[in-house]
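One structure below.
The sequence lines fix the lettering, A, B, ..., with proteins before strands; numbering per chain opens at 1. These numbers come from a predicted model, not from an experiment.
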Amino acid sequence: MQIKPIALYNTLTRQKAPFAPIDPHHVRMYVCGPTVYDLAHIGNARPVIVFDVLFRLLRLVYGETHVTYARNITDVDDKINARAAERFKDLAPTAAIAKLTQETTAQFHADIAALGVLSPTVEPRATGHIAEMVVLCDALIAKGHAYVAEDHVLFDTTSMADYGKLANRSLDEMEAGARVDVAPYKKGAMDFVLWKPSTAEQPGWPSPAGIKKHGRPGWHIECSAMAEKHLGQVFDIHGGGVDLVFPHHENEIAQSRCAHGTPTMANVWMHNGFLQVEGEKMSKSLGNFYAINDLLTTDVFGQQAWHGRVLRFAMLSTHYRQPIDWTVDRLTQAKHTLQEFAELVHGVAGGGAPNPDVIGALSDDLNTPSAISILHGLAKSAKRGDGAKASELRTTLEFIGLYGGETAAELSLQQHANVDAVKVRALIADRLEARRAKDFKASDRIRDELAAMGVVLKDAKSPTTGEIVTTWEYKR
RNA sequence: GGCCACGUGGCGGAGUGGUGACGUAGCGGACUGCAAAUCCGCGUACCCCGGUUCAAUUCCGGGCGUGGCCUCCA
(Lines give C-alpha, C1' and ligand atoms only; values in the text may rest on other atoms or scores of the structure.)
Protein backbone atom coordinates (compact mmCIF):
# COMPACT_ATOMS: atom_id res chain seq x y z
CA MET A 1 0.00 0.00 0.00
CA GLN A 2 1.13 3.52 -0.71
CA ILE A 3 1.27 5.75 2.32
CA LYS A 4 3.54 8.42 3.62
CA PRO A 5 7.08 7.31 4.36
CA ILE A 6 8.04 6.11 7.80
CA ALA A 7 10.25 8.47 9.79
CA LEU A 8 12.38 7.11 12.61
CA TYR A 9 14.59 8.70 15.22
CA ASN A 10 18.14 7.47 14.92
CA THR A 11 20.37 7.43 17.99
CA LEU A 12 23.43 7.51 15.73
CA THR A 13 22.53 10.89 14.26
CA ARG A 14 20.30 12.14 17.09
CA GLN A 15 17.72 13.02 14.47
CA LYS A 16 14.47 11.85 13.05
CA ALA A 17 14.79 10.99 9.36
CA PRO A 18 12.77 9.27 6.63
CA PHE A 19 13.35 5.55 6.66
CA ALA A 20 14.63 3.92 3.49
CA PRO A 21 15.53 0.23 3.59
CA ILE A 22 18.77 -0.83 1.94
CA ASP A 23 16.77 -3.35 -0.08
CA PRO A 24 13.32 -1.91 -0.75
CA HIS A 25 11.95 -5.42 -0.98
CA HIS A 26 13.48 -6.68 2.23
CA VAL A 27 13.52 -4.76 5.50
CA ARG A 28 15.83 -6.22 8.13
CA MET A 29 15.56 -5.48 11.85
CA TYR A 30 17.38 -6.82 14.88
CA VAL A 31 16.31 -6.31 18.49
CA CYS A 32 18.20 -7.50 21.55
CA GLY A 33 16.14 -10.16 23.28
CA PRO A 34 16.25 -11.51 26.81
CA THR A 35 18.97 -13.31 28.70
CA VAL A 36 17.04 -16.29 29.93
CA TYR A 37 18.05 -16.64 33.55
CA ASP A 38 14.87 -15.36 35.22
CA LEU A 39 11.31 -14.24 34.52
CA ALA A 40 11.06 -11.27 32.18
CA HIS A 41 10.06 -8.13 34.08
CA ILE A 42 7.81 -5.32 33.00
CA GLY A 43 10.79 -3.25 31.90
CA ASN A 44 11.75 -6.06 29.53
CA ALA A 45 8.26 -5.90 28.08
CA ARG A 46 8.75 -2.39 26.76
CA PRO A 47 11.14 -3.06 23.85
CA VAL A 48 9.26 -6.26 23.06
CA ILE A 49 6.00 -4.33 22.65
CA VAL A 50 7.48 -1.24 21.02
CA PHE A 51 9.36 -3.13 18.34
CA ASP A 52 6.40 -5.41 17.80
CA VAL A 53 4.45 -2.30 16.79
CA LEU A 54 7.24 -1.32 14.43
CA PHE A 55 7.33 -4.86 13.01
CA ARG A 56 3.58 -4.67 12.35
CA LEU A 57 3.94 -1.29 10.67
CA LEU A 58 6.81 -2.45 8.47
CA ARG A 59 4.86 -5.54 7.44
CA LEU A 60 1.92 -3.38 6.50
CA VAL A 61 3.99 -0.98 4.45
CA TYR A 62 6.48 -3.37 2.81
CA GLY A 63 4.45 -6.57 2.84
CA GLU A 64 4.38 -9.39 5.36
CA THR A 65 6.93 -11.49 3.54
CA HIS A 66 9.31 -8.59 3.00
CA VAL A 67 10.35 -7.98 6.58
CA THR A 68 12.81 -10.04 8.59
CA TYR A 69 12.72 -9.35 12.29
CA ALA A 70 15.33 -11.12 14.41
CA ARG A 71 15.07 -11.09 18.19
CA ASN A 72 17.64 -13.22 19.91
CA ILE A 73 17.63 -15.39 23.00
CA THR A 74 20.83 -15.14 25.01
CA ASP A 75 21.26 -18.57 26.52
CA VAL A 76 24.91 -18.47 27.43
CA ASP A 77 25.77 -16.08 30.20
CA ASP A 78 27.36 -16.12 33.62
CA LYS A 79 24.11 -15.14 35.32
CA ILE A 80 22.56 -18.21 33.76
CA ASN A 81 25.37 -20.39 35.03
CA ALA A 82 25.00 -19.03 38.54
CA ARG A 83 21.23 -19.34 38.61
CA ALA A 84 21.25 -22.85 37.19
CA ALA A 85 23.71 -24.03 39.81
CA GLU A 86 21.56 -22.46 42.53
CA ARG A 87 18.22 -23.82 41.35
CA PHE A 88 19.15 -27.31 40.15
CA LYS A 89 21.77 -28.47 42.60
CA ASP A 90 21.25 -32.15 41.76
CA LEU A 91 21.87 -31.79 38.06
CA ALA A 92 25.15 -31.65 36.22
CA PRO A 93 25.96 -28.07 35.15
CA THR A 94 25.13 -28.63 31.50
CA ALA A 95 21.81 -30.28 32.29
CA ALA A 96 20.94 -27.60 34.86
CA ILE A 97 21.69 -24.82 32.39
CA ALA A 98 19.67 -26.52 29.66
CA LYS A 99 16.72 -26.92 32.00
CA LEU A 100 16.86 -23.33 33.21
CA THR A 101 17.18 -21.75 29.78
CA GLN A 102 14.48 -24.00 28.34
CA GLU A 103 12.00 -23.22 31.11
CA THR A 104 12.72 -19.52 31.12
CA THR A 105 12.43 -19.25 27.36
CA ALA A 106 9.07 -21.03 27.38
CA GLN A 107 7.80 -18.72 30.11
CA PHE A 108 9.04 -15.67 28.21
CA HIS A 109 7.14 -16.78 25.14
CA ALA A 110 3.97 -17.34 27.13
CA ASP A 111 4.24 -13.99 28.89
CA ILE A 112 4.75 -11.89 25.79
CA ALA A 113 2.11 -13.80 23.84
CA ALA A 114 -0.35 -12.48 26.41
CA LEU A 115 0.84 -8.99 25.49
CA GLY A 116 -0.33 -9.50 21.93
CA VAL A 117 3.19 -9.73 20.55
CA LEU A 118 3.77 -11.45 17.21
CA SER A 119 6.57 -13.98 16.88
CA PRO A 120 9.63 -12.48 15.25
CA THR A 121 10.66 -13.91 11.91
CA VAL A 122 13.66 -15.59 13.49
CA GLU A 123 14.61 -16.08 17.11
CA PRO A 124 18.27 -17.10 17.10
CA ARG A 125 19.85 -18.60 20.20
CA ALA A 126 23.38 -17.72 21.17
CA THR A 127 24.38 -21.34 21.71
CA GLY A 128 23.41 -22.09 18.14
CA HIS A 129 25.90 -19.55 16.79
CA ILE A 130 29.13 -20.32 18.63
CA ALA A 131 30.97 -21.23 15.44
CA GLU A 132 30.06 -17.87 13.90
CA MET A 133 31.35 -16.09 17.00
CA VAL A 134 34.65 -17.94 16.79
CA VAL A 135 34.98 -16.89 13.14
CA LEU A 136 34.34 -13.27 14.14
CA CYS A 137 36.99 -13.44 16.86
CA ASP A 138 39.55 -14.82 14.44
CA ALA A 139 38.72 -12.20 11.84
CA LEU A 140 39.12 -9.40 14.38
CA ILE A 141 42.48 -10.75 15.49
CA ALA A 142 43.62 -11.14 11.88
CA LYS A 143 42.72 -7.53 11.13
CA GLY A 144 44.49 -6.21 14.21
CA HIS A 145 41.35 -5.23 16.10
CA ALA A 146 41.63 -7.89 18.79
CA TYR A 147 44.34 -9.65 20.74
CA VAL A 148 44.78 -12.69 22.94
CA ALA A 149 45.75 -12.32 26.61
CA GLU A 150 45.63 -15.02 29.26
CA ASP A 151 43.31 -17.19 27.18
CA HIS A 152 40.92 -14.28 26.62
CA VAL A 153 40.25 -12.60 23.34
CA LEU A 154 39.89 -8.86 23.80
CA PHE A 155 38.77 -6.12 21.46
CA ASP A 156 41.31 -3.34 21.12
CA THR A 157 39.22 -0.20 21.35
CA THR A 158 42.11 2.03 20.36
CA SER A 159 42.19 0.28 17.00
CA MET A 160 38.91 1.84 15.96
CA ALA A 161 38.96 5.53 15.14
CA ASP A 162 35.36 6.34 15.95
CA TYR A 163 34.73 3.98 18.82
CA GLY A 164 32.14 5.71 21.01
CA LYS A 165 30.23 7.34 18.18
CA LEU A 166 26.87 5.81 19.09
CA ALA A 167 27.15 6.72 22.76
CA ASN A 168 28.61 10.05 21.64
CA ARG A 169 31.66 10.00 23.81
CA SER A 170 35.35 9.62 23.24
CA LEU A 171 37.69 7.03 24.68
CA ASP A 172 39.37 9.76 26.73
CA GLU A 173 36.12 10.78 28.30
CA MET A 174 35.21 7.23 29.09
CA GLU A 175 38.55 6.44 30.64
CA ALA A 176 38.39 9.58 32.72
CA GLY A 177 34.96 8.66 33.99
CA ALA A 178 35.56 4.96 34.41
CA ARG A 179 34.94 3.57 37.84
CA VAL A 180 35.98 0.04 37.06
CA ASP A 181 39.17 -1.68 37.99
CA VAL A 182 40.93 -2.56 34.80
CA ALA A 183 41.92 -6.20 34.43
CA PRO A 184 45.73 -6.37 34.24
CA TYR A 185 45.77 -8.27 30.96
CA LYS A 186 43.88 -5.52 29.11
CA LYS A 187 45.93 -3.25 26.89
CA GLY A 188 43.44 -0.42 27.04
CA ALA A 189 41.07 0.38 29.90
CA MET A 190 38.00 0.24 27.69
CA ASP A 191 38.92 -2.98 25.88
CA PHE A 192 36.21 -5.57 26.23
CA VAL A 193 35.98 -9.33 26.21
CA LEU A 194 35.08 -11.21 23.04
CA TRP A 195 35.88 -14.65 24.39
CA LYS A 196 36.88 -15.94 27.82
CA PRO A 197 38.15 -19.25 29.17
CA SER A 198 35.79 -21.65 30.90
CA THR A 199 36.35 -23.95 33.83
CA ALA A 200 35.23 -27.56 33.73
CA GLU A 201 31.86 -26.67 35.28
CA GLN A 202 31.18 -23.78 32.94
CA PRO A 203 29.81 -24.23 29.43
CA GLY A 204 32.70 -24.24 26.99
CA TRP A 205 33.46 -24.65 23.33
CA PRO A 206 36.68 -24.92 21.31
CA SER A 207 38.28 -21.49 21.39
CA PRO A 208 39.41 -19.21 18.57
CA ALA A 209 42.97 -18.06 17.95
CA GLY A 210 44.51 -21.40 18.84
CA ILE A 211 43.71 -20.99 22.53
CA LYS A 212 44.00 -24.46 24.04
CA LYS A 213 41.39 -24.10 26.77
CA HIS A 214 37.72 -24.30 26.00
CA GLY A 215 35.95 -21.02 26.40
CA ARG A 216 32.70 -19.13 26.05
CA PRO A 217 31.69 -15.93 24.27
CA GLY A 218 31.36 -12.49 25.77
CA TRP A 219 27.94 -10.86 25.65
CA HIS A 220 28.47 -8.42 22.80
CA ILE A 221 29.90 -10.86 20.27
CA GLU A 222 26.72 -12.93 20.41
CA CYS A 223 24.58 -10.24 18.87
CA SER A 224 27.15 -9.41 16.20
CA ALA A 225 27.26 -13.05 15.14
CA MET A 226 23.51 -13.61 15.16
CA ALA A 227 22.73 -10.37 13.35
CA GLU A 228 25.23 -11.17 10.61
CA LYS A 229 23.97 -14.72 10.18
CA HIS A 230 20.32 -13.74 9.81
CA LEU A 231 20.39 -10.19 8.48
CA GLY A 232 23.76 -9.76 6.79
CA GLN A 233 26.78 -7.58 7.56
CA VAL A 234 24.85 -4.33 7.17
CA PHE A 235 21.13 -4.11 7.80
CA ASP A 236 18.39 -1.57 8.41
CA ILE A 237 17.29 -1.25 12.01
CA HIS A 238 18.79 -2.26 15.33
CA GLY A 239 16.75 -1.77 18.48
CA GLY A 240 16.87 -2.16 22.24
CA GLY A 241 16.57 -0.27 25.51
CA VAL A 242 18.52 2.97 26.07
CA ASP A 243 20.60 1.28 28.70
CA LEU A 244 22.10 -0.88 25.97
CA VAL A 245 23.52 2.05 24.04
CA PHE A 246 26.67 1.72 26.03
CA PRO A 247 28.48 -0.56 26.15
CA HIS A 248 26.46 -3.25 24.41
CA HIS A 249 25.47 -1.60 21.16
CA GLU A 250 28.65 0.43 20.91
CA ASN A 251 30.60 -2.80 21.16
CA GLU A 252 28.41 -4.63 18.68
CA ILE A 253 29.11 -1.87 16.20
CA ALA A 254 32.83 -2.05 16.88
CA GLN A 255 32.94 -5.83 16.41
CA SER A 256 30.81 -5.98 13.30
CA ARG A 257 32.28 -3.02 11.50
CA CYS A 258 35.87 -3.94 12.23
CA ALA A 259 35.39 -7.62 11.37
CA HIS A 260 33.62 -6.87 8.08
CA GLY A 261 35.33 -3.63 7.16
CA THR A 262 31.96 -1.92 6.78
CA PRO A 263 31.24 1.75 7.53
CA THR A 264 28.17 0.89 9.57
CA MET A 265 26.45 -2.10 11.16
CA ALA A 266 22.86 -0.94 10.98
CA ASN A 267 21.58 2.29 9.44
CA VAL A 268 19.08 3.14 12.15
CA TRP A 269 19.61 2.59 15.86
CA MET A 270 16.47 2.86 17.96
CA HIS A 271 16.24 2.92 21.73
CA ASN A 272 13.22 2.83 23.96
CA GLY A 273 13.18 4.89 27.16
CA PHE A 274 13.45 3.55 30.67
CA LEU A 275 10.60 2.42 32.86
CA GLN A 276 10.09 3.37 36.47
CA VAL A 277 7.53 2.00 38.87
CA GLU A 278 5.44 4.48 40.87
CA GLY A 279 8.17 7.08 40.46
CA GLU A 280 11.02 4.86 41.60
CA LYS A 281 13.59 2.73 39.91
CA MET A 282 12.38 -0.83 39.78
CA SER A 283 14.56 -2.99 41.98
CA LYS A 284 14.26 -6.01 44.16
CA SER A 285 15.54 -4.12 47.19
CA LEU A 286 12.79 -1.50 46.92
CA GLY A 287 10.21 -4.25 46.69
CA ASN A 288 8.77 -2.85 43.47
CA PHE A 289 10.12 -5.42 41.08
CA TYR A 290 7.41 -6.89 38.87
CA ALA A 291 7.67 -9.74 36.42
CA ILE A 292 5.29 -9.61 33.45
CA ASN A 293 3.85 -12.81 34.81
CA ASP A 294 3.20 -11.23 38.23
CA LEU A 295 1.03 -8.58 36.61
CA LEU A 296 -0.80 -11.10 34.47
CA THR A 297 -1.55 -13.68 37.12
CA THR A 298 -1.30 -12.21 40.62
CA ASP A 299 -2.69 -9.20 42.46
CA VAL A 300 0.65 -7.85 43.70
CA PHE A 301 0.27 -4.66 41.64
CA GLY A 302 -2.82 -2.66 42.47
CA GLN A 303 -4.58 -5.60 44.18
CA GLN A 304 -5.63 -7.11 40.88
CA ALA A 305 -4.36 -9.08 37.93
CA TRP A 306 -4.18 -7.25 34.61
CA HIS A 307 -5.07 -8.45 31.16
CA GLY A 308 -2.14 -8.55 28.74
CA ARG A 309 -3.89 -6.20 26.32
CA VAL A 310 -4.26 -3.68 29.13
CA LEU A 311 -0.54 -3.87 29.85
CA ARG A 312 0.14 -3.37 26.15
CA PHE A 313 -2.20 -0.39 25.93
CA ALA A 314 -0.64 1.17 29.02
CA MET A 315 2.83 0.68 27.55
CA LEU A 316 1.85 2.35 24.27
CA SER A 317 0.13 5.30 25.94
CA THR A 318 3.53 7.01 26.20
CA HIS A 319 5.86 7.60 23.28
CA TYR A 320 8.55 4.90 23.21
CA ARG A 321 11.48 7.29 23.66
CA GLN A 322 10.01 9.00 26.72
CA PRO A 323 10.59 7.62 30.16
CA ILE A 324 7.46 5.89 31.41
CA ASP A 325 6.22 5.77 34.97
CA TRP A 326 4.45 2.45 35.47
CA THR A 327 1.63 3.10 37.92
CA VAL A 328 -1.63 1.53 39.03
CA ASP A 329 -3.41 4.70 37.86
CA ARG A 330 -2.03 4.29 34.38
CA LEU A 331 -3.15 0.67 34.18
CA THR A 332 -6.58 1.55 35.54
CA GLN A 333 -7.07 4.22 32.93
CA ALA A 334 -5.78 1.92 30.20
CA LYS A 335 -8.24 -0.72 31.30
CA HIS A 336 -11.18 1.66 31.21
CA THR A 337 -10.36 2.91 27.75
CA LEU A 338 -9.76 -0.55 26.37
CA GLN A 339 -13.00 -1.81 27.88
CA GLU A 340 -14.85 1.03 26.24
CA PHE A 341 -13.28 0.18 22.89
CA ALA A 342 -14.05 -3.50 23.41
CA GLU A 343 -17.71 -2.73 24.04
CA LEU A 344 -17.85 -0.81 20.80
CA VAL A 345 -16.20 -3.41 18.62
CA HIS A 346 -17.18 -6.72 20.18
CA GLY A 347 -19.35 -8.55 17.70
CA VAL A 348 -18.54 -6.04 14.99
CA ALA A 349 -16.90 -7.46 11.88
CA GLY A 350 -13.45 -6.13 11.12
CA GLY A 351 -11.83 -6.28 7.73
CA GLY A 352 -10.63 -3.53 5.46
CA ALA A 353 -7.56 -1.46 6.09
CA PRO A 354 -6.48 0.11 9.38
CA ASN A 355 -7.26 3.80 9.76
CA PRO A 356 -4.81 5.82 7.63
CA ASP A 357 -4.41 8.56 10.24
CA VAL A 358 -3.38 5.97 12.79
CA ILE A 359 -0.89 4.56 10.31
CA GLY A 360 0.31 8.12 9.74
CA ALA A 361 0.84 8.65 13.46
CA LEU A 362 2.75 5.38 13.77
CA SER A 363 4.80 6.26 10.72
CA ASP A 364 5.93 9.39 12.53
CA ASP A 365 8.50 7.67 14.72
CA LEU A 366 5.88 5.41 16.30
CA ASN A 367 3.73 8.14 17.78
CA THR A 368 1.43 5.76 19.63
CA PRO A 369 -0.14 8.40 21.94
CA SER A 370 -1.25 10.32 18.89
CA ALA A 371 -2.54 7.09 17.34
CA ILE A 372 -4.56 6.40 20.47
CA SER A 373 -6.09 9.85 20.30
CA ILE A 374 -7.24 9.07 16.75
CA LEU A 375 -8.72 5.82 18.03
CA HIS A 376 -10.77 7.88 20.48
CA GLY A 377 -12.15 9.82 17.54
CA LEU A 378 -13.18 6.59 15.81
CA ALA A 379 -14.74 5.40 19.04
CA LYS A 380 -16.78 8.57 19.28
CA SER A 381 -18.21 8.02 15.81
CA ALA A 382 -18.81 4.36 16.54
CA LYS A 383 -20.66 5.30 19.70
CA ARG A 384 -22.98 7.47 17.66
CA GLY A 385 -23.90 4.46 15.59
CA ASP A 386 -21.46 4.73 12.71
CA GLY A 387 -21.00 1.06 11.84
CA ALA A 388 -18.24 1.67 9.33
CA LYS A 389 -16.20 3.49 11.95
CA ALA A 390 -16.83 0.71 14.45
CA SER A 391 -15.48 -1.77 11.95
CA GLU A 392 -12.51 0.43 11.19
CA LEU A 393 -11.85 0.81 14.90
CA ARG A 394 -11.78 -2.94 15.29
CA THR A 395 -9.45 -3.45 12.33
CA THR A 396 -7.12 -0.74 13.58
CA LEU A 397 -7.08 -2.04 17.15
CA GLU A 398 -6.31 -5.52 15.86
CA PHE A 399 -3.58 -4.15 13.67
CA ILE A 400 -1.81 -2.53 16.63
CA GLY A 401 -2.38 -5.65 18.70
CA LEU A 402 -4.67 -3.91 21.15
CA TYR A 403 -7.65 -6.14 20.51
CA GLY A 404 -8.09 -9.83 20.04
CA GLY A 405 -11.83 -10.35 20.35
CA GLU A 406 -12.09 -9.92 24.10
CA THR A 407 -15.26 -8.69 25.75
CA ALA A 408 -15.08 -5.78 28.16
CA ALA A 409 -15.62 -8.20 31.04
CA GLU A 410 -12.75 -10.41 29.91
CA LEU A 411 -10.41 -7.45 30.01
CA SER A 412 -11.09 -7.19 33.72
CA LEU A 413 -9.50 -10.02 35.62
CA GLN A 414 -10.99 -9.18 38.99
CA GLN A 415 -12.67 -12.03 40.77
CA HIS A 416 -16.46 -12.18 40.51
CA ALA A 417 -16.77 -15.74 41.71
CA ASN A 418 -19.93 -15.23 43.73
CA VAL A 419 -21.88 -13.50 40.99
CA ASP A 420 -24.53 -15.74 39.48
CA ALA A 421 -25.70 -14.36 36.14
CA VAL A 422 -29.08 -16.07 36.38
CA LYS A 423 -29.70 -14.54 39.79
CA VAL A 424 -28.61 -11.14 38.51
CA ARG A 425 -31.12 -11.33 35.69
CA ALA A 426 -33.85 -12.35 38.11
CA LEU A 427 -33.08 -9.41 40.38
CA ILE A 428 -33.10 -7.05 37.41
CA ALA A 429 -36.53 -8.35 36.41
CA ASP A 430 -37.78 -7.83 40.00
CA ARG A 431 -36.42 -4.31 39.96
CA LEU A 432 -38.12 -3.44 36.67
CA GLU A 433 -41.34 -4.81 38.11
CA ALA A 434 -40.94 -2.67 41.24
CA ARG A 435 -40.24 0.39 39.12
CA ARG A 436 -43.34 -0.18 37.07
CA ALA A 437 -45.24 -0.31 40.33
CA LYS A 438 -43.47 2.91 41.38
CA ASP A 439 -42.08 1.11 44.39
CA PHE A 440 -38.76 2.97 44.19
CA LYS A 441 -37.72 1.93 47.66
CA ALA A 442 -37.77 -1.69 46.59
CA SER A 443 -36.11 -1.01 43.24
CA ASP A 444 -33.29 0.96 44.87
CA ARG A 445 -32.79 -1.77 47.43
CA ILE A 446 -32.27 -4.29 44.64
CA ARG A 447 -29.88 -1.94 42.87
CA ASP A 448 -27.86 -1.58 46.10
CA GLU A 449 -27.86 -5.32 46.58
CA LEU A 450 -26.43 -5.82 43.11
CA ALA A 451 -23.91 -3.05 43.63
CA ALA A 452 -22.67 -4.85 46.72
CA MET A 453 -22.00 -7.83 44.46
CA GLY A 454 -19.96 -5.63 42.16
CA VAL A 455 -22.69 -5.43 39.54
CA VAL A 456 -23.53 -2.07 37.98
CA LEU A 457 -26.80 -1.46 36.15
CA LYS A 458 -27.41 0.65 33.09
CA ASP A 459 -30.92 1.68 32.14
CA ALA A 460 -31.55 2.58 28.55
CA LYS A 461 -34.69 3.29 26.59
CA SER A 462 -35.23 1.00 23.68
CA PRO A 463 -35.17 3.18 20.57
CA THR A 464 -37.94 1.13 18.96
CA THR A 465 -40.43 0.43 21.74
CA GLY A 466 -39.49 3.14 24.21
CA GLU A 467 -39.36 0.51 26.92
CA ILE A 468 -36.70 0.56 29.63
CA VAL A 469 -34.03 -2.05 28.99
CA THR A 470 -31.60 -2.76 31.78
CA THR A 471 -28.16 -4.21 31.14
CA TRP A 472 -25.45 -4.94 33.66
CA GLU A 473 -21.73 -5.27 33.92
CA TYR A 474 -19.09 -5.80 36.53
CA LYS A 475 -17.96 -2.72 38.33
CA ARG A 476 -14.79 -1.51 36.65
C1' G B 1 33.37 13.14 38.70
C1' G B 2 32.37 12.45 33.00
C1' C B 3 28.52 11.74 29.27
C1' C B 4 23.21 11.65 27.88
C1' A B 5 17.95 12.28 28.24
C1' C B 6 13.61 14.38 30.27
C1' G B 7 10.52 18.51 33.12
C1' U B 8 3.18 20.49 29.40
C1' G B 9 -3.39 21.78 32.92
C1' G B 10 -5.68 17.53 39.29
C1' C B 11 -3.62 13.15 36.65
C1' G B 12 -1.98 10.78 31.84
C1' G B 13 -0.05 12.61 27.32
C1' A B 14 0.90 14.52 21.91
C1' G B 15 2.39 18.79 19.56
C1' U B 16 3.78 23.67 17.95
C1' G B 17 7.88 30.30 16.68
C1' G B 18 1.88 33.37 16.66
C1' U B 19 -5.88 30.47 16.65
C1' G B 20 -5.22 25.88 24.42
C1' A B 21 -4.56 17.77 20.32
C1' C B 22 -6.65 13.82 22.90
C1' G B 23 -7.98 10.99 27.27
C1' U B 24 -9.27 10.88 32.37
C1' A B 25 -10.82 13.35 36.79
C1' G B 26 -13.74 17.67 38.20
C1' C B 27 -17.82 21.28 37.34
C1' G B 28 -22.59 22.76 34.77
C1' G B 29 -26.72 21.10 31.72
C1' A B 30 -30.02 17.38 29.08
C1' C B 31 -32.05 12.65 30.09
C1' U B 32 -33.71 9.79 34.73
C1' G B 33 -38.63 8.73 40.04
C1' C B 34 -33.37 9.34 42.01
C1' A B 35 -28.90 7.42 40.20
C1' A B 36 -25.65 4.98 36.76
C1' A B 37 -24.78 4.92 31.60
C1' U B 38 -25.29 8.24 27.47
C1' C B 39 -25.34 13.11 25.15
C1' C B 40 -24.06 18.58 25.24
C1' G B 41 -20.96 22.30 27.35
C1' C B 42 -16.91 24.16 30.55
C1' G B 43 -9.91 24.55 31.32
C1' U B 44 -6.45 31.28 29.13
C1' A B 45 -1.09 24.42 30.96
C1' C B 46 3.82 24.31 29.06
C1' C B 47 10.17 24.08 35.83
C1' C B 48 13.14 28.93 36.85
C1' C B 49 16.33 33.03 34.93
C1' G B 50 18.47 35.39 30.90
C1' G B 51 19.06 35.88 25.34
C1' U B 52 17.38 35.85 19.99
C1' U B 53 12.58 37.47 17.76
C1' C B 54 7.36 41.87 16.06
C1' A B 55 6.10 37.20 18.78
C1' A B 56 8.92 31.49 22.79
C1' U B 57 5.87 26.52 25.98
C1' U B 58 8.38 25.74 21.13
C1' C B 59 15.16 28.25 19.26
C1' C B 60 19.99 29.48 22.23
C1' G B 61 22.67 29.89 27.10
C1' G B 62 22.64 29.21 32.37
C1' G B 63 20.23 27.23 36.73
C1' C B 64 17.14 23.80 39.45
C1' G B 65 14.72 19.03 39.55
C1' U B 66 14.14 13.83 37.97
C1' G B 67 16.11 9.75 35.49
C1' G B 68 19.73 6.85 32.53
C1' C B 69 24.76 5.29 31.20
C1' C B 70 30.01 5.09 32.58
C1' U B 71 29.89 -2.30 36.46
C1' C B 72 27.55 -8.12 30.33
C1' C B 73 20.32 -4.16 34.01
C1' A B 74 15.44 -3.47 28.34
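- In this structure, A:K165 does not pair ionically with A:E250, as no charged nitrogen and carboxylate oxygen lie closer than 4.0 Å.
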Identify all pairs in which a protein N or O lies below 3.5 Å from an N or O of nucleotides 3-11 of chain B, and state each distance.
none

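- Residues from residues 271-278 of chain A with heavy atoms under 4.0 angstrom of RNA chain B, sorted by number: A:N272, A:G273, A:F274, A:L275, A:Q276.
- Nucleotides B:rG13 and B:rA21 are separated by 10 Å at their C1' atoms, to the nearest Å.
- Annotation: salt bridge (Lys or Arg N to Asp or Glu O under 4.0 Å) contacts involving residues 368-382 of chain A, sequence neighbours excluded, are absent.
- Taking the side chain to side chain donor-acceptor pair (under 3.5 Å) definition, one finds that A:S317 meets it with A:R330, sequence neighbours left out.
- Here salt bridge (Lys or Arg N to Asp or Glu O under 4.0 Å) pairs that include residues 308-324 of chain A, with residues two or more places apart or in two chains, are A:D52-A:R312, A:R309-A:E406, A:R321-A:D365.
- In this structure, the salt bridge (charged side-chain N to carboxylate O under 4.0 Å, His left out) partners of A:K16, at least two apart in sequence or on a different chain, are A:D364.
- Under the Watson-Crick or G-U wobble criterion, with both distances below 3.5 Å, B:rG67 is paired with B:rC4.
- Contacts of A:D243 classified as salt bridge (charged side-chain N to carboxylate O under 4.0 Å, His left out), with partners at least two apart in sequence or in another chain: none.
- With sequence neighbours left out, A:R425 forms a salt bridge (charged side-chain N to carboxylate O under 4.0 Å, His left out) with no residue at all.
- For A:E103, the salt bridge (charged side-chain N to carboxylate O under 4.0 Å, His left out) partners two or more places apart in sequence, or in a different chain, are A:R87, A:K99.
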Show me the protein contacts with nucleotides 37-43 of chain B, counting only N or O atoms at under 3.5 Å.
{"unit_1": "B:rC40", "atom_1": "OP1", "unit_2": "A:R384", "atom_2": "NH2", "d": "2.2"}

Determine, stepwise, if the pair A:Y185 / A:H152 fulfils side chain to side chain donor-acceptor pair (under 3.5 Å).
CA-CA 9 Å; A:Y185 51 78; A:H152 292 68; 3.2 Å; yes
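- Not counting sequence neighbours, the partners of A:S256 by the side chain to side chain contact (heavy atoms under 4.5 Å, CB included) test are A:S224, A:H260, A:M265.
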Listed pairs under 3.5 Å, donor-acceptor, residues 426-452 of chain A side chains, sequence neighbours left out:
{"unit_1": "A:R431", "atom_1": "NH1", "unit_2": "A:D459", "atom_2": "OD1", "d": "3.4"}
{"unit_1": "A:R431", "atom_1": "NH2", "unit_2": "A:D459", "atom_2": "OD2", "d": "2.9"}
{"unit_1": "A:R435", "atom_1": "NH1", "unit_2": "A:D459", "atom_2": "OD2", "d": "3.2"}
{"unit_1": "A:D439", "atom_1": "OD1", "unit_2": "A:A442", "atom_2": "N", "d": "3.2"}
{"unit_1": "A:S443", "atom_1": "OG", "unit_2": "A:F440", "atom_2": "O", "d": "3.1"}

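- At the phosphate of B:rG68, OP1 or OP2 sits under 4.0 Å from a side-chain N or O atom of A:K281.
- The side chain of A:S317 contributes no N or O atom lying less than 4.0 Å from OP1 or OP2 of B:rG13.
- A donor-acceptor contact under 3.5 Å is not formed by the side chain of A:D325 with the base of B:rG12.
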